[in-house]
Structure formats: structure tokens, C-alpha cells
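See below for the structure under consideration.
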Amino acid sequence: MRGGFSLVRCRTAQRLVALTCAAMATLGVLTATASADAGCAQAVALSSLSSSDQPACWQPFTAGSPFNTELPSNPKLAADNAAVQQHMASYGWSVQNSTTGFSFSASDGTRPVYFATPSDPVLTVDCTDEEGPNTCQGANRIDVNGAQINVPAGAAPGDNWDAHMIIVETATGQEYDFWHTSISAGTLTAGTGAVENVNTSAGTADAGDAASFALTAGLLRPSELASGHIDHALVMTIPCTSANGAN
């Protein structure tokens, strides 16, 4: 992060760029103001959550996380903000070829989240460092290869090329994020992986995606849509090949 803005990074193989709220604001996409019940997030115990019961007000990661910090009315801009905007405008960057709005659906890609309990089956992580040395750990340097984690029976990665998978262990708050994931015979195999704690970390020391964010950070959940409140920054992806020029 630089001056509250995310640096645009692209994993060429994934053809993705991750943008935080600040970068999205340039595209005209802003988060809602923090108007939900402020006490709800503190009152909801992580151990009470399940994949089918996530209160809209529950937010992963600390209050000081950039994903949970509301921008002031006059935020500090990155030193190269004007140049970035000019670059985007000159090449006509847009979302779904529109500068005024966009729609989304599950077919655009999903990141399945599973809340595991200590009674769920234990799987051993086989992380292959597919993207190069040390890509089975985040900036926090916690290597997930060989970890034994609880994974709900029937859990499966996303049904797309990325095959992301997110396991949140409710007893500890540990979030395990995986890419190019598969499960077979007691083993969870992944190309890359990392772990962060949703209770104590900011969600920015991971390796779950090309921007090194935790995979639950910035997700838009069904319960939030139903409530009418989105009280955190959002993450989005756009096609890219090099994050330079028109791409």
C-alpha cells in the first residue's frame, strides 16, 4: 500500500489485477458509509458462524485494516495519482466495457468460503509453490505446506480456472487461502497458499491472490446485499496481461 492506495500488481498466469477501494474510487465505485450496527461485529463470535449463516455486520480482520477503514472526505492521494488516472483514461480502462456501471454474477468467478469447526475432517496441505519459491506463504512468512487443517466434508474449490478455496477455522480465527486447489484422499493440494488470522491481522500479509490480500478481504457477501449495507472496501478483478499500456 502507498498513501492509502493499492499498487496494481498482476500475476500474468492468472490474468488478474486486484484493486482496493481507493483504486476503485477512480473508476467510480465507492464503498458505502459505515452505517450498520457498530456493536454487531464485536457481538458476533466467529465460532457461531457457518457458511450459511453470516451476519451482514460481521467483518473479517481488524478495525484498522485498510479494508475496514472508511476514507475521510479529503483522503491523501498517492503521489502519482494524476498520472495513474491519465494512464487509465488514455487507454479507456473500464469495467465490462462500461464507464457508468456494471453487473456481476457467479459466472464471473467465485471464492468459496468455508467455516470449519474442530469436529470437521482433518486434511494435510500439500502446497507446491507453483508460482515460484516461497509462494506457499504470505508476507508474514508462515509456510502452509504440511499444515493439518479442518475442512468441512464436501467442501470444494471454486469452479473456475483459479480454483480458489478459503477455509476459516472458527476455533482459532485462522484463514487459509489457496489457489489452484484440489482435494483427494485426505490431502488438500494447492499451487499457492497462505494463512492470516481474521481476528488479529489486517488481511494484507497473505498470498491468496496476486495482490497478496487475504481472500475474504473485500468480498461482497449475500447477507450484505440483503441488508443494503457494504461497510468495507471492495476487491475486484479485471482482465490483464501485463498491467502496462492498454492491458
Side-chain angles (χ1 to χ4, degrees), residues 1 6-18 20 46 49-51 60-62 65 67 109-219 235 237 240-241 243:
M1 300 295 293
S6 97
L7 296 176
V8 177
R9 301 180 59 194
C10 176
R11 176 178 289 154
T12 302
Q14 286 185 277
R15 300 174 64 82
L16 295 178
V17 172
T20 61
L46 179 63
L49 299 178
S50 70
S51 295
F61 307 109
T62 61
S65 165
F67 290 96
T110 61
R111 293 178 174 180
V113 183
Y114 298 94
F115 292 87
T117 68
S119 62
D120 285 319
V122 175
L123 301 185
T124 300
V125 176
D126 177 19
C127 193
T128 65
D129 279 321
E130 182 180 335
E131 287 292 288
N134 301 320
T135 54
C136 286
Q137 63 186 40
N140 55 19
R141 302 305 181 195
I142 302 176
D143 195 326
V144 299
N145 187 42
Q148 292 190 307
I149 65 175
N150 295 105
V151 179
D159 187 20
N160 54 28
W161 186 85
D162 285 312
H164 280 125
M165 190 172 192
I166 306 164
I167 306 295
V168 180
E169 293 197 318
T170 57
T172 62
Q174 295 289 80
E175 175 183 321
Y176 291 87
D177 296 326
F178 303 106
W179 175 73
H180 274 189
T181 319
S182 62
I183 294 177
S184 178
T187 299
L188 186 154
T189 301
T192 66
V195 60
E196 265 195 275
N197 193 287
V198 298
N199 295 324
T200 60
S201 68
T204 57
D206 211 310
D209 60 19
S212 297
F213 295 148
L215 291 182
T216 59
L219 283 190
V235 160
T237 60
C240 81
T241 56

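This is a predicted model, so every value here is computed, not measured.
Here the side chain of Asp209 pairs a donor or acceptor atom with the backbone of Phe213 at under 3.5 angstrom. In terms of modelled atom types and a separation under 3.5 Å, the side chain of Asp126 and the main chain of Asn145 share no donor-acceptor contact. Under the 3.5 Å distance criterion, the side-chain polar atoms of Asp143 are left unmatched by any main-chain donor or acceptor of Gln137. Proximity of a side-chain donor or acceptor of Ser201 to a complementary backbone N or O of Val198 within less than 3.5 Å is not detected. With hydrogens and angles ignored, the 3.5 Å screen pairs a side-chain donor or acceptor of Thr181 with a backbone N or O of Ala163. Using modelled atom types, no side-chain atom of Ser65 and backbone atom of Phe61 make a donor-acceptor pair closer than 3.5 Å.
Asp129 contributes atom CG, which lies 3.5 Å from atom SG of Cys136 (distance to the nearest 0.5 angstrom). Rounded to the nearest 0.5 Å, atoms CE (Met165) and NE2 (His180) are 15.0 Å apart. Separation of atoms SG (Cys127) and CG (Leu188) is listed at 9.0 Å; rounding is to 0.5 Å. Separation of atoms CD (Glu196) and CG (Asp206) is listed at 4.5 Å; rounding is to 0.5 Å. Residue Ile142 holds its CD1 atom at 6.5 Å from CD of Gln174, rounded to the nearest 0.5 Å. The CD1 atom of Ile167 lies 10.0 Å from the CD atom of Glu175; values are rounded to the nearest 0.5 Å.
In this structure, the side chains of Val151 and Tyr114 stay at 4.5 Å or more apart for every pair of heavy atoms. Side-chain contact between Ile183 and Leu123 is present, with at least one heavy-atom pair separated by less than 4.5 Å. Side-chain contact between Ile149 and Glu169: present, with at least one pair of heavy atoms (C-beta onward) separated by less than 4.5 Å. Side-chain contact check for Thr204 versus Phe67: some heavy-atom pair is nearer than 4.5 Å. Counting heavy atoms from C-beta outward, Leu219 and Val113 have side chains that approach closer than 4.5 Å.
Between the side chains of Ser119 and Thr117, at least one donor-acceptor pair of N or O atoms lies under 3.5 Å. Residues Asp162 and Trp179 have side chains that bring a donor and an acceptor to within less than 3.5 angstrom of each other. Thr192 and Glu130 share no donor-acceptor pair across their side chains, judged by distance under 3.5 Å alone.
In this structure, Asp177 does not pair ionically with Arg111, as no charged nitrogen and carboxylate oxygen lie closer than 4.0 Å.
Other residues, nucleotides and ligands place more than 12 heavy atoms under 6.0 Å from the CG atom of Asn140.
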Inset, instruction - Begin from the C-alpha positions of Val168 and Phe115 and carry the test side chain to side chain contact (heavy atoms under 4.5 Å, CB included) through to its verdict. - result: CA-CA 5 Å; Val168 180; Phe115 292 87; 3.9 Å; yes
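Between Pro157 and Pro112 the shortest heavy-atom distance is C-CG, 3.8 Å.
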